[in-house]
Amino acid sequence: MNAHDGHILSYGKLLAVLGVLFVLTVITILVSTVDLGAANIWAALLIASVKATFVLLFFMHLKYERSKAFAITFVVTVFCVALLIGFLFWDVSYRV
Amino acid sequence: MTTETYKPFHQTPMPPKYDGVLGWLITYDHKRIGMMYLTTLMVWLSAGILLGLLIRVELMARGQTIMDAQTYNAFFTMHGVVMIFLFIIPGIPAVFGNFFLPIQIGADDVFFPRINLLSYYLYLIGGILGVLALFSKGPPDTGWTFYVPFSVTTRSDVSITVFAAFILGMSSILTGLNFITTIHRMRVKGMKWFQMPLFAWSLYATSWVQVLATPIVGITLILVIVERLFGVGLFNPAKGGDPLLYQHLFWMYSHPAVYIMILPAMGVVSEIIPVFSRKSIFGYKAIVLSSMCIAIFGSLVWAHHMYVSGMSDLSVMIFSLLTFIVAVPSAVKVFSWVSTLYKGSITFSPPFYLSLCFIYLFTVGGLTGLVLGSAGTDVHVHDTYFVVAHFHFVMFGGAGFGFFAAMHYWWPKMFGRMYNFKRAYIAITLLLVGFMLHYMPMFVLGLKGMPRRYYDYLPEFESGNLLAGIGAVIMVSGLFLMFANLLKGAIKGEKAADDPWGGTTLEWSVPSPPPVHNFMAEPSVKSYPYDFSDVWKRMNLKTSTPPKSQ
Amino acid sequence: MFWPPQAWQRYVEDGRNARTPVRAARCRFWMDTNGLSDKIIEREKMGSILDPVAGVDRAFLYIFGFAFALLTFITILMIYFVIRFRASRHPVPEDIRGNTLLEVVWMAIPTLIALSMFYIGWQSYMGLRTVPEDALTIDTTAQMFNWTFTYPNGKESDSELVVPEGRAVKLNITSKDVLHSLSIPAHRIKMDAVPNMTTYTWFRADRLGEYNILCTEYCGVAHSQMLAKLKVVPEVEYLAWLDKTPEPVAPAKAAESAVPTTPRFATKEMFEIGDKVKFRWHIEDNLLNIILSAETQGWLAVGFNPQQTMKGANFILGAVVDGQVLMADHFGTGYTKHEEDRSIGGEADVLNVHGKEENGVTEIGFSIPLDSGDAMDSKITADGETIILLAMNMTQDSFRVHHNYRAKFKVNLSTGAAQKLN
Amino acid sequence: MNTKTKDNTGAKFGMWLFLYSEIMLFTGLFILYAAYFREYLPDFVNAGKELDLRYGAVNTLILLTSSFTVAAAITAIRKKQAQGSLIFLCISIACGIIFLINKYFEWGHKFSHDIFPNSATLNAGPRGENIFFGLYYVITGLHGVHIIAGLSLLITAAWFVKKGKIVASDFVFLENSGLYWHLVDLIWIFIFPLFYLVI
Ligand code: HEA
Ligand code: HEA
Ligand code: CUA
Ligand SMILES: [Cu+2]
């Protein structure tokens, strides 16, 4: 149990991820200048989620964890967040 | 694990070198921490009980009896806060979970012993802050739900209590996190998930709820303080805020919290029933799965507290439907416990008696929960004494009796001494009778329409309230006797054997009280945690059928 | 709102759907202190409109029925097993670890029961939410600690909801300060009052009589005093009432004085009005001598000459607490509000105070100047019309607690001619 | 047992659990954001224009960079380059501090325009804008608190690296501090579009 699970991320890979994150930041700002109506917020959230995924997988090493427990529990948490927000809208969207 | 000579944990300082009081205050032995929780919790419980009693005395007669309305409001608020945040939520996990979870899974401690100690101190500080509010100039008068906008506008000291609840939440999160990691990483070699005792399972389910739901109430309570300090207006209707959102956030935690209260108690009962039936539990996997289902689906029914709050009819429907769905896993458990008794060889004992009471009282509470879950009927009884009766049945009759059962079950293991059975039986009977007399009339009062949190009431509610008051007094005597008996047992009771009941889980394989690292030798894991063949052998029993695998 | 299905609307309208009328009656034993279900059964028998109350009671019955059955079953089984399989009788346990079929069954059956309970509960809920089109709409405003009902013609009524018999009544509810909740147990309805939001509920005023309205959302110190009355009256009476102005009285603070228990002025030849709260008086020079008495352990009050509701009225409040008489001179500063004179720049102009509380009867006497010259006392004319408000709280001595009885009179103080208003 | 063999995976797992609870903490606020966004969309759009995109964008880049350097610090320590690791950590810490300074000026700017909780302007303005700024202050404020907590962790980690307590064979403290810092970044990734880019 002691040995630290193998994979060491190379600087190159990390830099590449940072590059992607920068590009996505620029993209999201550009997208926000285009008026897509309600789609704007969804586009922004989508891009944010992609960015978050990169951070999670590489910076936070999630991709390289040996134990599945990390990924499973993380997904469960995100699922909870989605359900709570989603279920709230049964109320706020349908009030008379 | 060298074969050391046996020395009970309370005689072996942990960390070493620190003896005496300091050896307790800075200990990170899970058993000592469990004992410290027990002691502290008893103090808060007494405060909660006293407040409950004062409430009852005030309500014995109409009009002012012993206190004015403001005091009454503060008292029921503090009663609720103390009972919920200081007694029933931390209760079983912090005391018995800490003490027995590591032993049950063959570990020598929890995964983060120091964080465990930190949780305890957070609990202590939170408790002191919370109870301190009682002695401030204006103790909070909002009800334990702290509904806005009242909690933001009232002049009483809401912030301090709310902050206390926040700290207690942190304590609860850390405990949960600790237990999950412990269960994931520290099960003794060879113990697979489905070989864990049910109590450990129930704590696992509970811990997840603690980790994921508690932060939401944390931030909500912080917002109440922020609102009081800075007047941001997030919940203030005059500034565009929506008070219903507060209620949503509050119940997103506080409904799951009711399962934080009941699941560990269910775990305790799932341990006790098979032991005194001398046979394996009926439907081990179903019980495990129902715990997990309760934890998961229980998080999706929060708005059943809000049927008349003005939220949309659609969400009334959805949350009502889901409420009925989560009742089913509880049903599975009740049926499994009762079936476990079938063809057992039942010996009676105080923990067993309490478990039977638990099943009965929880069923009453749960079934009346269905009345509340149904939308049309809840409109009539919402915020009446019907709800008060419901939750005392599930919380006191359920989680509380579970706590008492755990005390009686594990007492000999914790203290190495046994209490007096006869006195225990008398106490439990008094408790049960007082309980019924106290809370049954409340159902009727509620159906008749008596609102809760009422300092004074209409003449038609007089007799019910008087009856309840008398019940409370009987309950006092029962509880008093029970605690006195346990205390006496712990000090001067007969020495208890390592396995006085004939249990199968690992805690019964170690000396009473356990040594500091729990196990004298590497624990051996049973392929099925409730395999009683060893117990039968020891008791010279033969079974009529060979164990079937499930 | 897309949801409430038309199906329910039909259910409400189609009275023949009314099933099992007798069952609804049984609930009455606990709940219906006002005999409402009788009426409902009557109507169900006649095949007229099904009331939501019946729907709710049916749901109660359905759920309670199953609950009792299940509870009894589980309890008896449990006790039976414990006795039957006790060690002395059944020393050799059998190792049963489960039974998949049984487990599936006891998952499936409760699921079905639970779903049916949900359905019937939801149905009854829709009944509570589906307002008939011809409903009389009344705006309801909650405020610490009373209810104001505003009728379509603009008439405001405090703590008293008067409705004509037979009509469906819709209440649009809102709050001025914190959350409250309007509950009428007899009609099985309840709805929160939320500031800046309008919620609604409705009921059918089937039966003449008075019903309790209670505040069921905790709202502060006098939450339990935030009561009101629903009065279902015949249509004619309702219409007559609608043209008149209402009159309420509300909380206050105490001023103190040590006083004797017997009157300090001559008590012969006093005029008397009032039933529950008795108001006796006579005029002596420029003073009006007054004795108030009632069967109460709480406070008593009299008010003079309101401009409207309580506004502009001069109030004198009194209570006997532990043999001490507490008096307060107040002025109505709002329609439902009054404050102590001294706190708003006036004087307390009460003389010759006496008071006692004996055998549950409180009596308070005092004199006030007909014209005190104080801006915070209204002038009282000896010969002419004076409006007198009488109020009390039957249990509470604190003037901050709302009244739970009140009456209103038009009086000529010199002649004693009096007329009770509504 | 854990005194004898150190279970780093377990320690990391515990940290993740803690991160989940942090996520839920912010979820409470995002729930409010979602509900109010729906209710006050036009006001949110107007109010969003008040915020200076430049502050937000720069802070985003700063945090992303700092996240990168924290990850790089771990790579460095595992490659036994303690010195490099220390430098990377210092960059992260610097980034965090710059972020806070930026935030200070941004808030200060808003304050000088009388836009802060309970200010006259907000109280008089449209309710939706008050809510928007209320959420803005509460969420970025809580985030700021987390930056401060993260910074103290990073500083401690840097100290440990310097002292040789964090080494290639035992760097779980650095890893966990890194995880925490990434979480702070992660949350900012969502805060940024929600406040600075609303339509
Ligand atoms: C330990 C705590 C606990 C537990 C376990 C429960 C369990 C349940 N509760 Fe309770 N509840 C509270 C504590 C708890 N509750 C508290 C504290 C409040 C008030 C908060 C406040 O406002 O202050 C409250 C309030 C409350 C309300 C809101 C009432 C109102 O304010 O109007 C509702 C409404 O749906 C509800 C429903 C339920 C249901 C359906 C269950 C179910 O989980 C019960 C399931 C159990 C059974 C059903 C019994 C066993 C099963 C059988 C015997 C088999 C047969 C079953 C079927 C046919 C389905 N509860
Ligand atoms: C676990 C939770 C719990 C428990 C155990 C209790 C226990 C009791 N509660 Fe509880 N109660 C709540 C949780 C609980 N309550 C909550 C959450 C509320 C809602 C608050 C709100 O509305 O905000 C509430 C509200 C509430 C009300 C409603 C108030 C109102 O709405 O106006 C009433 C009224 O009767 C009441 C009474 C009691 C009584 C008499 C007890 C009794 O059981 C106490 C009786 C106990 C004894 C009689 C034992 C005495 C024993 C000793 C003295 C010995 C002690 C010695 C040692 C420990 C060594 N409670
Ligand atoms: Cu108004 Cu309670
Ligand atoms: Cu609930």
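Every value quoted in this text rests on a predicted model; they were computed, and no experiment measured them. Below, read A as the first sequence line, B as the second, and so on, with proteins coming before strands; counting in each chain starts at 1.
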Quick check on B/Phe297: does its CZ atom have over 12 non-hydrogen neighbours (other residues, nucleotides or ligands) under 6.0 Å away? no

Between D/Trp16 and D/Tyr20, is any side-chain donor less than 3.5 angstrom from a side-chain acceptor? no

Non-hydrogen atoms of chain D under 4.5 Å away: do they reach the side chain of B/Asp242, the backbone, both or neither? both

More than 12 heavy atoms of other residues, nucleotides or ligands under 6.0 Å from CZ of D/Phe116: is that the case? yes

Contact part of B/Ile173 toward chain D, heavy-atom cut-off under 4.5 Å: side chain, backbone, both or neither? side chain

Taking side chain as everything from C-beta outward and backbone as N, CA, C, O, which of these in B/Ile115 sits under 4.5 Å from a heavy atom of chain D? Side chain, backbone, both or neither. neither

Among D/Phe195, D/Tyr40, D/Tyr36, exactly one meets ring-ring contact (aromatic ring centres under 6.0 Å, His included) together with D/Phe132. Which residue is that? D/Phe195

Toward chain D, the part of B/Pro237 with a non-hydrogen atom under 4.5 Å: backbone

Please state whether the side chain, the backbone, both or neither of D/Leu142 comes within less than 4.5 Å of a heavy atom of chain B. side chain

Under 4.5 Å to a heavy atom of chain D? For B/Leu249 that would be side chain

Scan side-chain atoms only and decide if B/Gln247 and B/His305 contain a donor-acceptor pair under the 3.5 Å cut-off. no

Measure distances from B/Ala238 to the heavy atoms of chain D and classify the residue's part below 4.5 Å as side chain, backbone, both or neither. backbone

